[in-house]
Visitor: 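Quick one: the structure is below, questions incoming.
In this chain, numbering begins with 1 at the start of the sequence shown.
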Amino acid sequence: MDKKVALVTGGSSGIGEVAARQLKDAGFTVYAAARRTDRMAALEQAGIRTLALDVTDAESTRAAVERIIADEGRVDVLVNNAGYGSYGSLEEVPLAEAQAQLDVNVLGLARLAQLVLPHMRTQGSGRIINISSMGGRFATPLGSWYHASKYAVEGLSDAMRLEVGQFGIDVVLIEPGGIRTEWGAIAADKLRATSGQGAYRTQAEAMIKTLSASSEPGYRLVSPPEVVGRAITKAATARKPRTRYSVGIGATPMIWLSRVLPDRTFDSVIKRFAGVPA
């Protein structure tokens, strides 16, 4: 059989870029997709195929999957990595921004799953790897819509796993902890614009500091994106993958604490960890 084919969304930087490279090294024919193809020239030079893709646009997603099917005749692995963090108090985040957050992080993921599943069913095999977060298992201050999106990804993935297993298709969740990418700086900018003034200013200032630090070189409380790439590759190649992979600094212990501690006790842990006033 020809090489297995993988599609990685959000492939222009960070986790997506690393995952595309590691999947290629593992023997996959890899398509890396993102809105900005100009940022993927290095991937093309490495032998990775690139696609323009906006996960919120139905025509864009349809065209991307149709091109892969036309070129390769199959899709074996879908890595739903595209996403961002919209931070700000629930009181202050415009509902239009909340909708945009859900459209990228949840509906964009579901849109691509709907497009690849018929092909995977025909093949009798396939793997959908959804990038969630430890933030899909517990919340941090001022991240209500981001956490809502990742909680939704967790529930959607659990339900989809029950539905498609009968067709030989696996659904896997990757739950990263703090990872050194552009994500933290982008989330900090969103938070500054939304809640940097007014009633939530003090809490926002603390969270902005924490989020911004995660994107800075040398910050010790984050892991490099390569650890997530390795988990994605393991999930893509394992004979029987786990349903969840918690990876990166803090992910496994924090998820465990969220399950065993009383809510208010865990709230105190989160506030202390985030550096916000109690």
Side-chain angles (χ1 to χ4, degrees), residues 14-15 83-95 97-102 104-106 131-155 173-225 227-228 231 244-278:
I15 291 169
Y84 73 101
S86 182
Y87 269 65
S89 73
L90 180 68
E91 182 179 343
E92 295 169 310
V93 173
L95 289 183
E97 170 59 24
Q99 183 173 337
Q101 175 77 124
L102 296 174
V104 173
N105 290 9
V106 183
I131 309 305
S132 179
S133 167
M134 65 179 181
R137 305 289 288 276
F138 62 84
T140 56
L142 303 176
S144 56
W145 286 110
Y146 171 72
H147 292 292
S149 75
K150 292 304 184 181
Y151 275 53
V153 168
E154 296 272 334
L173 282 157
I174 308 290
E175 299 170 328
I179 304 297
R180 187 178 297 109
T181 67
E182 298 174 341
W183 185 94
I186 293 170
D189 288 343
K190 290 276 187 183
L191 176 54
R192 185 179 293 108
T194 303
S195 297
Q197 304 294 326
Y200 299 89
R201 182 181 68 252
T202 301
Q203 196 175 59
E205 288 172 351
M207 280 299 294
I208 287 167
K209 183 177 180 181
T210 299
L211 291 167
S212 297
S214 70
S215 293
E216 295 172 1
Y219 185 61
R220 294 182 299 172
L221 297 180
V222 295
S223 301
V227 302
V228 187
R244 283 174 167 80
Y245 293 81
S246 300
V247 295
I249 290 176
T252 297
M254 292 299 287
I255 290 171
W256 181 79
L257 285 174
S258 73
R259 295 173 61 186
V260 301
L261 292 179
D263 286 348
R264 295 191 188 282
T265 302
F266 187 69
D267 286 351
S268 298
V269 171
I270 287 295
K271 288 177 182 179
R272 191 176 304 116
F273 179 79
V276 304

Visitor: Tell me the closest heavy-atom pair linking Pro224 and Ile179, and the distance in Å.
Guide: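 In terms of heavy atoms, the two residues are closest at C-CG2, 4.0 Å.
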
Visitor: Under the side chain to side chain donor-acceptor pair (under 3.5 Å) rule, collect the residues that match up with Gln203, sequence neighbours excluded.
Guide: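 Scan of Gln203 (side chain to side chain donor-acceptor pair (under 3.5 Å), adjacent residues dropped) gives none.
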
Visitor: Can you list every side chain to side chain donor-acceptor pair (under 3.5 Å) pair that touches residues 136-152, not counting sequence neighbours?
Guide: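 Qualifying pairs: Tyr87-Thr140, Asn105-Ser149, Ser133-Tyr146, Arg137-Glu175, Thr140-His147.
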
Visitor: What distance separates Gln99 CD from Leu102 CG, expressed to the nearest 0.5 Å?
Guide: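 The CD atom of Gln99 sits 8.0 Å away from the CG atom of Leu102.
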
Visitor: Checking Glu97 now: which residues fulfil side chain to side chain donor-acceptor pair (under 3.5 Å) with it, not counting sequence neighbours?
Guide: Tyr84, Ser86

Visitor: Not counting sequence neighbours, which residues clear side chain to side chain contact (heavy atoms under 4.5 Å, CB included) with Thr265? List them please.
Guide: Leu261, Pro262

Visitor: Could you pull out the closest heavy-atom pair between Thr181 and Gly14, with the gap in Å?
Guide: CG2-CA, 4.1 Å

Visitor: Could you tell me which non-hydrogen atom of Ser223 sits nearest to which non-hydrogen atom of Val227, and how far apart they are?
Guide: CB-CG2, 3.8 Å

Visitor: Please list all pairs meeting salt bridge (Lys or Arg N to Asp or Glu O under 4.0 Å) that have one or both residues in residues 258-275, counting only residues at least two apart or in different chains.
Guide: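 Passing the test, one end in residues 258-275: no pairs.
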
Visitor: Any side chain to side chain donor-acceptor pair (under 3.5 Å) involving residues 208-220? Give me the pairs, sequence neighbours left out, ordered by first then second residue.
Guide: none

Visitor: Enumerate, atom names and distances included, each donor-acceptor pair closer than 3.5 Å involving a side-chain atom of residues 188-196, sequence neighbours excluded.
Guide:
unit_1 : atom_1 : unit_2 : atom_2 : d
Asp189 : OD1    : Arg192 : NH1    : 2.9
Thr194 : OG1    : Lys190 : O      : 2.9
Ser195 : OG     : Ser89  : N      : 3.0
Ser195 : OG     : Glu92  : OE1    : 2.5

Visitor: Do Pro176 and Ile131 make a side-chain contact, defined as non-hydrogen atoms from C-beta onward lying under 4.5 Å apart?
Guide: yes

Visitor: Between atom CE of Met134 and atom CD1 of Ile249, what is the distance when rounded to the nearest 0.5 Å?
Guide: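 Going from CE on Met134 over to CD1 on Ile249, the span is 10.0 Å.
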
Visitor: I need the minimum non-hydrogen distance between Pro141 and Met207, along with the two atoms involved.
Guide: O-CE, 3.6 Å

Visitor: By side chain to side chain donor-acceptor pair (under 3.5 Å), which residues pair with Tyr245, not counting sequence neighbours?
Guide: none

Visitor: Any ring-ring contact (aromatic ring centres under 6.0 Å, His included) pairs touching residues 246-267, not counting sequence neighbours?
Guide: Phe138-Phe266

Visitor: Taking only residues two or more places apart in sequence, or in another chain, which ones meet Glu91 in a side chain to side chain donor-acceptor pair (under 3.5 Å)?
Guide: Tyr200

